[in-house]
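We name chains A, B, ... by the order of the sequence lines, and we start the count at 1 in each one.
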Amino acid sequence: MTDRVRIAPSPTGPLHIGTARTALYNYLHARHVGGTFILRLEDTDQVRSTVEFEKDILDGLHWLGLDWDEGPEVAGEPARGPHAPYRQMERLPTYAAAAQQLLAEDLAYPCYCTPEELEADRRAQEAAKQPPRYVGRCAKLTIDERRAREAEGRRGVLRFRVGEGIVAFDDIVRGRVEIDVANLGGDFVIVRADGTPLYHFTVVVDDAAMEVTDVIRGEDHLSNTPKHILLFRALGHAVPRFAHLPLILNPDRTKMSKRKSQTAIDDYIAQGFIKEALVNYLALLGWSTGTEEEILSLDELVDRFDVRNVHKGGAVFDRERLEWLNGQWIRRLPPDELIDRMRPFVEAELAAGRIERMPSDEELRALLPVIQERLPTLGAIGDLVGFLWVTDLDVDPAALVPKRWDAATAREGLAAARDTIAGIGDVSFEADELEPPLRGLAEEGGWKAGDLFMAIRVAVTGRTATPPLFDTLVALGRQRVLDRLDRALAVLDREEDST
RNA sequence: GCCGCAUUCGUCUAGAGGCCUAGGACACCGCCCUCUCAAGGCGGAGAUCACCGGUUCGAAUCCGGUAUGCGGUACCA
């Protein structure tokens with residue numbers, strides 16, 4: 001049988017970095033071995049699950065390019081795959097049947113303990129320095145006793161009998177793991193009093209029903225795996241293989257969390273990280289090719305991926321490295337592609353009022369040679385060249401005066417530069433045509449070219465760090481360059497008056 | 001507390017008994033390039049391979065213990 005793997009997110013929050021990586025590893029495995037990648041929504045936590053989160057997760061996975069072979073119906077699109085539905089709240093009858101089966105075979109039993117009773121048990125165990133576990137008060141209730149509770153109007157939960165013994169399994173990444181059933185905390189609840197099933201139960205029923213062969217998931221489920229194995233056996237199903245992935249960590253090495261790190265994929269998208277970089281980075285967080293290759297596309301990753309090489313230790317999420325990879329991938333984007341991906345970020349600048357007009361695609365294309373290698377993220381576009389799309393520039397008078405110069409020199413230099421530039425015709429307004437005369441001017445004035453250029457740069461852009469000056473002048477256009485130089489001169493004059 | 005898992009430069013990692021005076025990358029520092037900023041090139045600093053014992057002619061690699069960290073221990077997933 002070919003491998004069947006799945007990603008089973010819970011729509012209780014936006015797509016999380018950790019979920020994205022788990023999805024990626026499952027996807028890479030499926031594609032590498034020619035297996036099937038299934039998406040299943042685990043929405044049994046009705047209190048926290050929302051359709052908005054569900055959409056967010058699906059959109060995020062699509063954005064990353066992780067397309068599934070089998071999954072739920074979404075927005076009119078019918079469900080794909082032979083085991084629909086793929087949304088747990090639509091599979092309630094399946095769980096009810098499985099629960100009925102366990103109950104009939106006495107592998108599970110109704111428990112009528114109240115929250116108060118359970119809380120008291122827990123407290124007593126704590127006081128006695130015992131590990132918390134269900135004491136089994138309802139484990140041996142007779143049929144009559146059960147009826148009596150029901151008659152009192154009590155609604156029981158369903159508990160699974162864990163029995164005793166050692167549960168062992170060979171985890172693909174961790175090797176052999178053995179856990180004594182005695183440490184599982186006693187018979188655990190598989191169906192709530194309101195009849196809805198719990199995670200440990202649904203995950204097993206579904207993995208069995210969907211014929212999942214390899215469960216590739218986060219390490220936080222490692223300790224729960226014996227419960228799953230017991231359930232698979234009780235239900236009479238084959239136990240799948242397990243591969244527990246190392247956790248992604250906060251800088252303090254605790255499990256990555258919203259409190260301490262940015263965990264939503266959305267946020268990275270909004271900042272201008274591109275999917276190629278995110279996929280590449282996530283793939284290498286906890287796995288490596290074993291070679292020194294590190295810039296890898298999704299296809300190249302598929303080609304090289306092997307779950308058996310996944311690491312055991314957790315990995316700290318390093319944003320700096322992600323940014324570096326992002327820059328690498330931005331530089332590899334074809335021009336049209338870059339423009340398409342950049343446009344929303346320029347639009348966002350416009351919407352935020354940081355620029356005043358939307359540049360055309362031609363304008364953006366002309367800029368590409370000087371900005372492509374200067375963008376660590378797409379969101380940096382406004383910061384880099386936003387000065388091109390505003391009418392009035394705020395210029396700090398102090399910045400107009402290069403370090404080695406005084407105000408008078410700056411005034412003189414800028415005035416001379418204005419004349420020189422004014423003398424260059426519109427048709428000749430190209431980088432190659434601008435540089436020689438301005439260098440000549442610096443020489444005549446006895447200035448260092450760098451100082452003159454810096455004064456001009458600040459005058460026309462308002463910044464000390466910009467793309468190359470002459471390309472920048474061309475992008476601004478002759479008239480705007482002259483206007484801004486005039487304004488800068490006026491600013492310098494005003495400063496002089498006020499001192 | 002109990003159970004489980006983990007531990008190589010600050011970070012991501014290479015490493016499957018001799019090729020390791022531990023390699024690469026990010027970040028950091030310096031130099032080159034250069035009109036600034038990037039990008040790129042070159043170089044540097046940075047790891048007693050958590051610790052202690054053992055096995056072996058030889059251990060980052062095998063075994064045992066200790067420590068530390070993390071995860072699990074819900075009518076969350």
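- A:Glu178 comes within 4.0 angstrom of sugar-phosphate atoms only, judged by non-hydrogen atoms across all strands, and of no base.
- Here A:Pro251 lies out of heavy-atom contact (under 4.0 Å) with every strand.
- Both distances falling under 3.5 Å, in either a Watson-Crick or a G-U wobble arrangement, occur for no nucleotide opposite B:rA74.
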Derivation of the salt bridge (charged side-chain N to carboxylate O under 4.0 Å, His left out) call for A:Asp306 and A:Arg308: CA-CA 5 Å; A:Asp306 187 336; A:Arg308 290 171 299 188; 2.9 Å; yes
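- Here A:Ser223 lies in heavy-atom contact (under 4.0 Å) with a base.
- Atom NE2 of A:His221 is separated from atom C1' of B:rC5 by 15 Å (rounded to the nearest Å).
- In this structure, of B:rC75, B:rA27, B:rC76, it is B:rC75 that holds the atom nearest to the side chain of A:Val157.
- Under a cut-off of 6.0 angstrom, the local environment of CD in A:Glu117 is crowded, with over 12 non-hydrogen atoms contributed by other residues, nucleotides or ligands.
- Distance A:Leu284 CG to B:rC26 C1': 12 Å, rounded to the nearest Å.
- Side-chain contact of A:Asp187 with A:Tyr109: a donor-acceptor pair under 3.5 Å is present, judged by distance alone.
- Checked against the 6.0 Å centroid threshold, A:Phe201 and A:Phe188 do not count as a close aromatic pair.
- Side-chain atoms of A:Arg439 lie closest to B:rC35 of the nucleotides B:rC35, B:rC75, B:rG69.
- Nearest to the side chain of A:Glu294, among B:rC37, B:rA25, B:rC5, sits B:rA25.
- Residues A:Leu378 and A:Arg341 share a closest heavy-atom pair of CD1-O, 3.5 Å.
- Picking from B:rC35, B:rC12, B:rA77 the nucleotide with the shortest atom distance to the side chain of A:Leu198 gives B:rA77.
- Remark: B:rC19 base-pairs with no nucleotide in the shown strands. Criterion, Watson-Crick or G-U wobble with two distances under 3.5 Å.
- Of the C1' atoms belonging to B:rA25 and B:rA47, the separation is 15 Å, rounded to the nearest Å.
- When the P atom of B:rC9 is taken as reference, atom CZ of A:Arg321 falls 15 Å away, rounded to whole Å.
- Taking only side-chain atoms of A:Arg192, from C-beta outward, the nucleotide of B:rU13, B:rC75, B:rC70 with the closest atom is B:rC75.
- Put simply, CG on A:Leu245 is 16 Å from P on B:rG71, counting in whole angstrom units.
- Closest contact between the side chain of A:Arg331 and the listed nucleotides B:rC75, B:rU11, B:rA39 involves B:rA39.
- At least one cation-pi condition fails for A:Arg463 and A:Phe387: the charged atom is not both under 6.0 angstrom from the six-membered ring centre and inside a 45 degree cone around its axis.
- With B:rU36, B:rC12, B:rG71 as the candidates, the nucleotide lying closest to the side chain of A:Thr254 is B:rG71.
- Here A:Asn224 lies in heavy-atom contact (under 4.0 Å) with a base.
- Shown here, B:rA60 forms no base pair; nothing in the strands shown gives a Watson-Crick or G-U wobble contact with both key distances under 3.5 Å.
- Under the Watson-Crick or G-U wobble criterion, with both distances below 3.5 Å, B:rA39 is left unpaired in every strand shown.
- Atom NZ of A:Lys403 is separated from atom C1' of B:rC35 by 13 Å (rounded to the nearest Å).
- The side chain of A:Lys227 approaches B:rU73 more closely than any other nucleotide in the set B:rC2, B:rA25, B:rU73.
- Pairing for B:rC33 is absent, judged as Watson-Crick or G-U wobble with the two contacts each under 3.5 Å.
- A donor atom on one side chain and an acceptor atom on the other are not found under 3.5 Å apart for A:Arg457 and A:Thr461.
- Contact annotation: side chain of A:Arg174 to base of B:rC5, donor-acceptor pair absent below 3.5 Å.
- Pairing partner, B:rA67: B:rU7, with both Watson-Crick or wobble hydrogen-bond distances short of 3.5 Å.
- In this structure, of B:rU73, B:rA77, B:rC35, it is B:rU73 that holds the atom nearest to the side chain of A:Pro132.
- Pair check for B:rC28 finds B:rG44; Watson-Crick or G-U wobble, both atom distances under 3.5 Å.
- Spacing between atom CZ of A:Arg122 and atom C1' of B:rC75 amounts to 11 Å, rounded to whole angstrom units.
- Listed candidates were B:rU73, B:rG69, B:rU36. Nearest to the side chain of A:Arg253 is B:rG69.
- At the heavy-atom level, A:Thr196 lies nowhere under 4.0 Å from the strands shown.
- The distance between atom CH2 of A:Trp324 and atom P of B:rC28, rounded to the nearest whole Å, is 14 Å.
- Between A:Leu247 atom CG and B:rC70 atom C1' the separation is 8 Å, expressed in whole Å.
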